[in-house]
Amino acid sequence: MDKFLSLYFRFCDLSPSTIDLDDQTTIHFWIPNHRKFNKPNLVMIHGYGGNSRWQFIHQITSLSKSFNLYIPDVIFFGNSYSKLLDRSDRFQARCIVEGLKGFGVDKYNVFGISYGGFVAYRMGEMYPNEVKKVVIVSSGVGCFEEKKGEQLKDIGVEKALDIFVPKNAHDLRLLVKLSFNNDASFKWVPDFFFQGFVNMMYKENRKEKIGLLEYLMYKEADEEPSILTQETLLIWGDNDKVFPVKFAHQLQRNLGEKTRLEILKDTGHAANIEAPFALNNLIKSFVLC
């Protein structure tokens, strides 16, 4: 399946490229074969549900027609890695921005989903001159520690590690159940397929992936997020069981008057899979206007 996805990305005029930021950190991107200067640049940042290829399979055909796409593997996913001990979303943001500079890209829009939304927010906050517009999808940015804990108890899991870094097929089924408004089609998927996905996606750098999540859960400052200077679009499923829609309204209030919220009906946390047509159209209409 990995080989098929790589071929599919190449079919969409994207190529893999890896940059050594220094002697400690390497970041991998999918980038345009030929950048078109009449198209805006869009950086797409994945979450814990996979790497750059697995998470955006329903987006790249549509979005590549309108944008120069830059799709990184966040550090410790895919082919991106660091020997440094920093596990913050700010570190992820810095690595992506430095990688983009290596490609000669200094102005861009950012779209992040779930964990990628935390990183997209940090990019907008830290690099207001480089980031033009921000799209955050299904992401608990600004969710205080006690609220995160309350939500995890509500869904029956004490620690986020049990959701986002599954160890076996059973854990992954729980993640799927939480992520989708309707998971009926996945009930027929055999355990060996789920276990194979776990082995491929979560076994490598497992300790580091857990560290990224622990940082967001327990070390992030208990404070409201800064107001972004960029126009910002929030997109949320109305039945998101990971970060319920109440968090979307809270984030909209916190980010200020330049922030717009769109709610997708009959959609869970995985809006990129359950409502790709609506999601892609919202991104295009927002960034291109």
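Small disclaimer: the values here were computed from a predicted structure and weren't measured. Side chains included, hydrogens not; waters and symmetry mates left out as well; all remaining heavy atoms used.
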> What are the two closest non-hydrogen atoms of L228 and G124, and how far apart are they?
Replying inline: CD2-C, 3.9 Å

> Knowing that exactly one of I71, I283, N68, V135 qualifies, which makes a side chain to side chain contact (heavy atoms under 4.5 Å, CB included) with L42?
Replying inline: I283

> Around Q24, counting heavy atoms of other residues, nucleotides and ligands shown, do more than 12 lie under 6.0 Å from its CD?
Replying inline: yes

> How are the rings of Y115 and F118 set relative to one another: parallel (under 30°), tilted (30 to 60°) or perpendicular (over 60°)?
Replying inline: tilted

> Among all residues two or more places apart in sequence or in another chain, which pass the side chain to side chain donor-acceptor pair (under 3.5 Å) test with R206?
Replying inline: none

> Are D73 and N51 close enough, and set up right, to give a side-chain hydrogen bond (donor to acceptor under 3.5 Å, both in side chains), and what steps lead you there?
Replying inline: CA-CA 6 Å; D73 287 326; N51 56 30; 4.9 Å; no

>> Once salt bridge (charged side-chain N to carboxylate O under 4.0 Å, His left out) is applied, what residue pairs with a partner in residues 261-287 remain, sequence neighbours excluded?
In response: R260-E262

> Excluding sequence neighbours, so at least two apart, what forms salt bridge (Lys or Arg N to Asp or Glu O under 4.0 Å) with K167?
Replying inline: none

> Taking only residues at least two apart or on different chains, which pairs with a member in residues 175-190 satisfy salt bridge (charged side-chain N to carboxylate O under 4.0 Å, His left out)?
Replying inline: none

> Under the salt bridge (Lys or Arg N to Asp or Glu O under 4.0 Å) test, which residues partner E98, sequence neighbours left out?
Replying inline: K101

> Where do C95 and L21 land on the side-chain contact (heavy atoms from CB on, under 4.5 Å) test, with the steps shown first?
Replying inline: CA-CA 7 Å; C95 289; L21 303 182; 3.8 Å; yes

>> Tell me whether I263 shares a hydrophobic cluster with F180, the cluster being built from Ile, Leu, Val, Met, Phe, Trp, Tyr side chains joined at under 4.5 Å.
In response: yes

> Among all residues two or more places apart in sequence or in another chain, which pass the side chain to side chain donor-acceptor pair (under 3.5 Å) test with R94?
Replying inline: D86

> Please walk me through it: do Y108 and K132 pass side-chain contact (heavy atoms from CB on, under 4.5 Å)?
Replying inline: CA-CA 6 Å; Y108 38 83; K132 299 173 71 175; over 6 Å; no

>> What's the separation between atom OG in S66 and atom CG in L288, rounded to the nearest 0.5 Å?
In response: 5.5 Å

>> I need the full list of salt bridge (charged side-chain N to carboxylate O under 4.0 Å, His left out) pairs touching residues 8-35, with sequence neighbours left out, sorted by first then second residue.
In response: none

> Can you name the residues that form a side chain to side chain donor-acceptor pair (under 3.5 Å) with H46, not counting sequence neighbours?
Replying inline: none

> Can you list the residues that meet the salt bridge (Lys or Arg N to Asp or Glu O under 4.0 Å) rule with D238, with sequence neighbours excluded?
Replying inline: none

> Any chance the side chains of H28 and S17 put a donor and an acceptor closer than 3.5 Å?
Replying inline: no

>> Do F76 and M200 land in one hydrophobic cluster if side-chain heavy atoms of ILVMFWY residues count as linked below 4.5 Å?
In response: yes

>> Under the rule for salt bridge (Lys or Arg N to Asp or Glu O under 4.0 Å), what residues qualify as partners of E125, not counting sequence neighbours?
In response: R122

> Which pairs count as salt bridge (charged side-chain N to carboxylate O under 4.0 Å, His left out) when at least one residue sits in residues 51-71, sequence neighbours excluded?
Replying inline: D2-R53

> Hey, are the side chains of H249 and L261 touching, using non-hydrogen atoms and a 4.5 Å cut-off?
Replying inline: yes

> For E208, what residues pass the side chain to side chain donor-acceptor pair (under 3.5 Å) criterion, not counting sequence neighbours?
Replying inline: none

> Stepwise, does the side-chain contact (heavy atoms from CB on, under 4.5 Å) test hold for I45 with I113?
Replying inline: CA-CA 7 Å; I45 309 174; I113 184 167; over 6 Å; no

> Is the NZ or CZ atom of K209 both under 6.0 Å from the centre of the six-membered ring of F164 and within 45° of that ring's axis?
Replying inline: no

>> Can you tell me how the ring of Y8 sits relative to the ring of F4, calling it parallel under 30°, perpendicular over 60° and tilted otherwise?
In response: parallel

> Is the shortest heavy-atom distance from the side chain of I75 to the side chain of R87 under 4.5 Å?
Replying inline: no

> Under a 4.5 Å cut-off applied to non-hydrogen side-chain atoms, are F77 and S52 in contact?
Replying inline: no

> Is any side-chain heavy atom of F29 less than 4.5 Å from a side-chain heavy atom of P16?
Replying inline: no

> Could K133 and F286 be counted as a cation-pi pair, given that NZ or CZ must be under 6.0 Å from the ring centre and within 45° of the axis?
Replying inline: yes

>> Taking the ring centre of each residue, are F9 and F56 less than 6.0 Å apart?
In response: no

> Strictly under 6.0 Å, is that where the ring centroids of F243 and W236 end up?
Replying inline: no

